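Working notes for the structure below.
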Amino acid sequence: MPILRARARPTGAAEKGGALTLASRRARNNGSQSGRRLCVAFLTVTSVPALGQASALDPAGAEASSIATLFWAMVVGGALLWLFVVSLMLYGIRRRRRVHDEWTAGRLIFWAGAVFPVVTLFLLLGYALWLMPQLRPWAPAQAAATLRIEVEGRQFWWRAVYHRPGDQPVVTANEIRLPVGERVEFTLTSSDVIHSFWIPPLGGKMDMIPGRTNRLSILATKPGTFRGPCAEFCGASHALMAFSAISMEPEAFRSWLAAEAGPARPQPSDGARLFVENGCGACHTIRGTAASGEVGPDLTHVGSRLMIGAGTLPNTEEAIARFIAEPDVVKPGSTMPPFRMLPETEIRAMAAYLKALQ
Ligand code: CUA
């Protein structure tokens, strides 16, 4: 299957399913480029495969449970208030011919119009204030955090660094793994514009603001795979900036982190050679090779991730090849230059090399 696909079938295209070869695509490349990009961006957004469960009302973490409980308390409290007010209104409509004396009316206004709303709002406020310390990163439970994950938002991907006492930091990107039953502290920063870090089933949302470090504490209580979207508009590909958050049993997590800390062990191949020759190592790091750039995501174990392009495409050789060829189309606003000028065989060789980096 060719790397580049037509999003709208060109007039007279004979290719089955509207697919074009790389060569024929180049011939047509000067056409309505911006319209095509818009169209592709739309189709990419609407066809993003699920990164995992994303509902804040199906919690898998202690903080998310508190938030879901607060939500339902507010819904039930709000519904009861609504019923009470509507009942009062119906009462007023039905009994409109009878005039209350001043004392009864005054009592009704005092109890129903002042005491009841004040008590109800104070109860709801008190409940929210009681919950808040558990959501704060400086809660006493925070002291129990033995794992700190530093996450940096960038247009439009996530750099993640795992810090454990006594161990070397482990750098990865676009996928966050954490152990079930162990408190994790996140330190959140940004190097360009404001992004926002959010794993709805695990905890609350926290902005990533250039020039400051925000902290968030999360305790996952169930294993699972969850979608973490960027929750603050940050540019053209804001909707294509997401990550998978995977909560794992502690033993499995430790094995994964130990493997992630190691260098890549690539076999010598055309793809490995082309990756270096085309200058990819100036922006990407693959530990254990000459590639040591820090502009783009660390690719040391990119083949083992669920998705590529920060939640944009499934992690297949086909998708990696497509991303290398046209990142400007797959992810508008991305700083990665397109490599569609390379022969298709070379792009495929690099894709195979990257996919093999497990
Ligand atoms: Cu990053 Cu929106």
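Predicted model only: the values in this text are computed from it and were never measured. Just the heavy atoms: all of them, side chains too, but no hydrogens, waters or symmetry mates, feed the values below. One-based numbering, in listed order, for ligands and for the atoms of each.
- Atom 1 (Cu) of ligand 1 has no N, O or S atom of Met208 inside 2.8 Å of it.
- Thr187 and Arg148 are linked by a side-chain donor-acceptor pair at a separation below 3.5 angstrom, with hydrogens and angles left out of the test.
- As for Glu232, its N/O/S atom nearest atom 2 (Cu) of ligand 1 is the one called O.
- Vertex atom 1 (Cu) of ligand 1, arms ending at SD of Met241 and SG of Cys234: the angle is 110° after rounding to 10 degrees.
- Ring-centre distance between Phe197 and Phe243: below the 6.0 Å cut-off.
- For the residue pair Ser217/Arg183, the side-chain donor-acceptor check at 3.5 Å is satisfied.
- The closest approach of His238 to atom 2 (Cu) of ligand 1, by N/O/S atoms, is made by ND1.
- One finds no salt bridge joining Arg348 and Glu317 here, because no Lys/Arg side-chain nitrogen approaches an Asp/Glu carboxylate oxygen to under 4.0 Å.
- Between atom 1 (Cu) of ligand 1 and the N, O or S atoms of His195, the shortest distance is to ND1.
- Using modelled atom types, one finds no donor on one side chain facing an acceptor on the other under 3.5 Å when comparing Thr189 with Glu152.
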